[in-house]
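Each chain gets a letter, A, B and so on, in the order its sequence line appears, and its residues count up from 1. Just so you know, these numbers come straight off a predicted model, no measurement behind them.
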Amino acid sequence: MTAVSVRLEGILESLNPQQRQAVTHTAGPLLIVAGAGTGKTATLAHRVAWLIAGGVEPSHILLLTFTRRAAAELLHRADLLLRRLYELGAEQGRGDTSTPGPRSTKVWGGTFHAVATRLLRQYGKAIGLSPDFSVLDRTDSEDLMNVVRTELGLAKNQKRFPKKGACMDIYSWCVNARDGLENALATHFKWCAPWHAELKQLFEAYVDRKEAMNVLDYDDLLLFWHGLLGHEQAGEHIRRQFQCVLVDEYQDTNRLQAEIIYRLCPEGRGLTVVGDDAQSIYSFRAATVRNILEFPKHYPDATVITLEKNYRSTMAILQAANKVISQARERFTKNLWSDRKQGQRPWVVYCEDDYDQANFVIERILAHRESGIDLRRQAVLFRASYHSMALEAELSRRDIPFHKYGGLKFVETAHVKDLLAFLRLAENPKDLVSGIRILPLLPGIGPAKARKLMDQLVQAEGKFAVWRTWTPPCEAAQTWKELVDLMESLASGSQPLSSQVHQVRVFYAPLLEANYDYPQGRLRDLEQLEIIASRYRNRQQMLLDMAIDPPSSTQDLAGKPVQDDDYLVLSTIHSAKGLEWDAVYVIHATDGNIPSDMATGSAEGVEEELRLFYVALTRAKSWLYVTVPTRYYTSWSSYHGQFGLPQLTRFLPDSVLQSFEIRNTALLDDDQTPEPELSIGSTRTVRQRTKNFF
DNA sequence: CTGTTGAAATTTTTT
DNA sequence: ATTTCAACAG
């Protein structure tokens with residue numbers, strides 16, 4: 001055995017046989033079916049390290065993940081492994097201490113969209129794409145769609161034409177599912193079928209407009225990447241560059257993404273995909289569980305390795321989760337098992353209403369916290385972003401820190417979008433969306449004038465000076481001059497980025513106060529944006545990041561959070577994918593919320609909601625609570641079909657409920673504190689802080 | 001053509 | 001509760 005292989009063995013020690021097989025697999029395409037909590041991340045990280053240690057150049061590895069954070073974490077772990085490998089060698093006196101071992105930092109890692117952006121910048125010319133394109137996020141795309149929709153006179157119809165969001169959904173679906181409009185309308189958007197001709201016209205105009213503006217939307221990023229791979233030279237070049245391609249969360253890729261992978265690795269050479277069909281939850285984004293289920297069919301010499309040993313949850317939780325998912329119709333059969341002790345059975349807790357639910361959850365959280373489980377190690381999960389509203393209010397009232405994932409993001413708030421629009425317009429004067437966003441903020445300018453000014457600007461090839469030829473109504477003259485000065489200054493690019501943001505902020509602040517309620521908080525956000533800007537070298541990169549990898553919550557923006565800052569996590573189930581906590585609370589587990597009423601129209605829809613519920617349950621390591629309000633007062637619930645008397649989710653029929661303890665908040669003893677799992681660390685308790693509040 | 005007002009419709013998950 | 005649309009006044 002060579003020295004290197006001895007060291008490699010040392011690193012593989014911590015893995016179980018299936019994981020090891022997955023890490024060291026060499027021949028042909030590989031599918032790793034990794035159940036929840038089966039050490040998927042560890043396996044992938046080891047595989048990356050193993051490939052590099054085996055001599056694969058890091059820059060020849062492509063790692064596709066669902067979020068930027070996932071990629072960063074994986075590469076960080078791979079790096080630690082490589083370092084250990086290197087140190088191990090040095091200890092044995094055989095390593096060459098003068099040369100640092102290879103690092104994983106040069107691995108191409110990120111989301112499909114981020115990687116597509118990078119590649120298109122580099123090679124896009126081959127398919128006639130100008131490399132300085134900008135990227136529209138979802139809202140920008142909708143806005144552009146709306147512009148075109150209005151231009152074509154579709155907004156003013158006797159019968160209601162689909163809204164911009166719906167139009168975008170249909171368009172996106174067609175691109176990502178590689179589906180024709182007619183078929184898409186027939187199968188997924190029946191209510192819009194009468195508008196077939198108009199939609200076709202709309203989409204063609206939308207595509208033209210994007211081209212004229214030199215912008216790509218999310219769908220284009222994938223579509224153009226796909227196209228790039230179809231180009232003879234460029235495609236071959238990229239294929240040669242990526243000897244090894246690893247795809248995480250394969251169950252949540254769509255058909256277009258699968259085709260990209262296919263073009264990247266014909267016959268599956270060097271391909272590893274990892275996923276869990278039981279956790280496929282993104283079909284609304286045209287993801288299809290077929291990709292993973294039919295992987296062995298598309299790649300006939302594929303090896304399938306299943307990871308079933310769960311390192312996360314207690315047996316009691318696993319049993320309950322297994323029972324829930326066993327209601328699914330089609331899947332790779334796997335039964336998760338664990339060495340962990342039986343543990344407390346998960347609870348189903350009936351609550352009076354939303355507020356009672358919030359109070360129960362908070363009391364439990366505090367109790368766990370007292371027995372040594374920090375807030376950080378607990379999370380509340382829910383189907384829809386607004387489900388946490390009552391809880392958020394109560395947490396704020398009690399001064400308990402929390403951090404919410406999912407729902408509206410920082411960069412999606414109107415004022416942040418406004419500020420970024422100034423920068424984007426400077427970056428790309430053809431950016432109609434940004435122009436139409438900014439200009440009507442000024443007094444005396446409405447949508448029509450904004451369009452005219454943008455047309456002028458494009459005619460003048462982006463020279464903002466043409467705007468001086470227009471004389472606005474006299475009360476707006478001063479502001480107008482300031483705007484043109486500002487835009488010229490920004491466009492010249494002579495200032496560092498953070499001063500550019502500062503300039504915009506100074507100009508924009510009074511407009512903000514004139515246009516929005518509660519300006520204080522918004523102004524503070526803008527200050528934060530200026531701090532963020534100072535971390536970027538160039539404007540283009542910042543704008544790209546904001547479109548493709550936006551910070552998932554305001555906390556992420558404030559730089560590194562303070563180390564001992566303890567906060568509770570609130571998250572949509574979708575955003576909780578891949579994460580885990582000691583104690584998990586799944587709230588609003590009523591029929592109509594889980595499954596969401598929006599999804600119950602079709603069998604597949606319901607099936608996906610079941611998987612979603614499964615994902616939520618399998619986030620828990622030791623304690624799991626599913627809470628069910630038995631009454632809703634608020635108006636949203638009545639829209640959800642039930643007249644104030646919601647039922648327990650259909651995913652917990654009696655046979656499954658046997659794996660749960662049933663509780664009712666009205667009958668709950670106060671002293672049912674959970675048993676501590678660990679010795680108690682800090683004695684500083686939130687409960688005491690809370691009591692001081694009264 | 002802009003800006004305001006009131007009525008009506010719509011309400012998931014996210015790169 | 002929020003967003004979108006139509007109608008109307010300046």
Side-chain angles (χ1 to χ4, degrees), chain A residues 64-70 110-117 135-142 146 149-150 155-157 160-166 168-169 172 175-176 216-222 249 252-254 256-257 280-287 381-387 389 405-409 411-412 414 439-452 472-473 475-476 514-515 517 544-550 552 571-577 588 592-600 605 608-609 611-613 615-616 634-641:
Chain A
L64 293 165
T65 55
F66 209 68
T67 62
R68 172 173 48 183
R69 251 182 56 200
T111 60
F112 274 83
H113 296 84
V115 169
T117 309
V135 174
L136 301 181
D137 70 12
R138 172 65 196 223
T139 349
D140 300 330
S141 315
E142 280 181 12
N146 206 31
R149 184 173 168 265
T150 315
K156 237 177 113 87
N157 254 308
R160 310 183 55 80
F161 189 76
K163 297 267 174 57
K164 62 180 179 186
M168 205 56 224
D169 283 343
S172 254
V175 174
N176 286 289
L216 302 185
D217 62 18
Y218 286 152
D219 309 323
D220 288 336
L221 290 174
L222 300 182
E249 309 283 9
D252 283 322
T253 55
N254 56 44
L256 179 54
Q257 288 169 319
S280 168
I281 55 176
Y282 275 86
S283 72
F284 69 91
R285 238 166 67 183
L381 306 182
F382 34 85
R383 176 64 179 85
S385 182
Y386 63 87
H387 287 164
M389 272 169 10
Y405 290 91
L408 193 70
K409 294 203 189 84
V411 289
E412 286 163 353
L439 291 169
L441 291 169
L442 308 204
I445 301 181
K449 192 78 224 175
R451 281 306 306 270
K452 282 226 181 77
E475 80 272 13
N515 285 288
D517 298 332
L544 270 182
D545 265 19
M546 291 299 154
I548 296 171
D549 271 318
S552 52
S571 175
T572 58
I573 301 174
H574 282 92
S575 297
K577 183 160 100 156
H588 289 292
N593 289 326
I594 308 177
S596 163
D597 271 337
M598 327 293 308
T600 48
E608 172 147 321
E609 299 283 309
R611 295 191 294 263
L612 195 58
F613 188 49
V615 168
T634 43
S635 59
W636 59 262
S637 68
S638 61
Y639 269 109
H640 286 266

In terms of ring plane angle, is the pair A/His588 and A/His387 parallel, tilted or perpendicular, where the classes change at 30° and 60°? tilted
Spacing between A/Met598 atom CE and B/dT10 atom P, to the nearest angstrom: 11 Å
Mind checking A/Pro440 for me? I need base, sugar-phosphate or nothing, with any heavy atom below 4.0 Å counting as a touch. nothing
Is the phosphate of C/dT4, meaning OP1 or OP2, less than 4.0 Å from a side-chain N or O of A/Lys164? yes
Under the side chain to side chain contact (heavy atoms under 4.5 Å, CB included) test, which residues partner A/Asp549, sequence neighbours left out? A/Arg68, A/Thr111, A/Ala114
Whole angstroms only, please: what is the CZ-P distance between A/Phe161 and C/dT4? 16 Å
Rounded to whole Å, please give me the gap between OH in A/Tyr386 and P in B/dT12. 7 Å
What does A/Ser575 touch in the nucleic acid at a heavy-atom separation under 4.0 angstrom: a base, only the sugar-phosphate, or nothing? sugar-phosphate
Please answer whether the main-chain N or O of A/Phe112 pairs with a side-chain N or O of A/Gln257 as donor and acceptor at a distance below 3.5 Å. no
Please report, rounded to the nearest Å, how far the C1' atom of B/dT13 is from the CG atom of A/Leu381. 13 Å
Name the nucleic acid region contacted by A/Arg149, choosing base, sugar-phosphate or nothing; use a 4.0 angstrom heavy-atom cut-off, strictly under. sugar-phosphate
Would you measure the distance from the C1' atom in B/dT12 across to the matching atom in C/dC5 and give it in whole Å? 24 Å
Nearest whole Å is fine: how far is B/dT14 C1' from A/Asn254 CG? 12 Å
Mind calculating the distance between CZ (A/Arg285) and P (B/dT13) to the nearest angstrom? 13 Å
So, OP1 or OP2 of B/dC1: does either fall under 4.0 Å of a side-chain N or O from A/Lys452? yes
Using a 4.0 Å heavy-atom cut-off, does A/Leu221 contact any base of the nucleic acid, only the sugar-phosphate backbone, or nothing at all? nothing
Do the charged groups of A/Glu609 and A/Arg383 touch, with an N to O distance under 4.0 Å? yes
Any salt bridge between A/Arg138 and A/Asp169, counting N to O under 4.0 Å? yes
Looking at A/Tyr282, is its backbone amide N or carbonyl O close enough to the side chain of A/Asp252 to form a donor-acceptor pair, meaning the two atoms are under 3.5 Å apart? yes
Touch check for A/Phe112, heavy atoms < 4.0 angstrom, all strands: base, sugar-phosphate only, or nothing? nothing
Separation of B/dT15 P from A/Leu544 CG (nearest whole Å): 16 Å
Taking the minimum atom-to-atom distance to the side chain of A/Ala384, which one of B/dT2, B/dT10, B/dT13 wins? B/dT13
Residue-phosphate contact under 4.0 Å: A/Ser596 side-chain N/O, B/dT13 OP1/OP2: no
Report the distance from atom CD of A/Glu609 to atom C1' of B/dT13, rounded to the nearest whole Å. 8 Å
Let's see if you can work this out: which of B/dT2, B/dT13, B/dT15 has an atom nearest to the side-chain heavy atoms of A/Ala448? B/dT2
Determine whether any donor atom in the side chain of A/Arg138 lies under 3.5 Å from an acceptor atom in the base of B/dT14, or the reverse, and answer yes or no. no
Contacts of A/Lys163 and A/Tyr282 projected onto DNA chain B by closest heavy atom; the upstream (5') one is A/Lys163
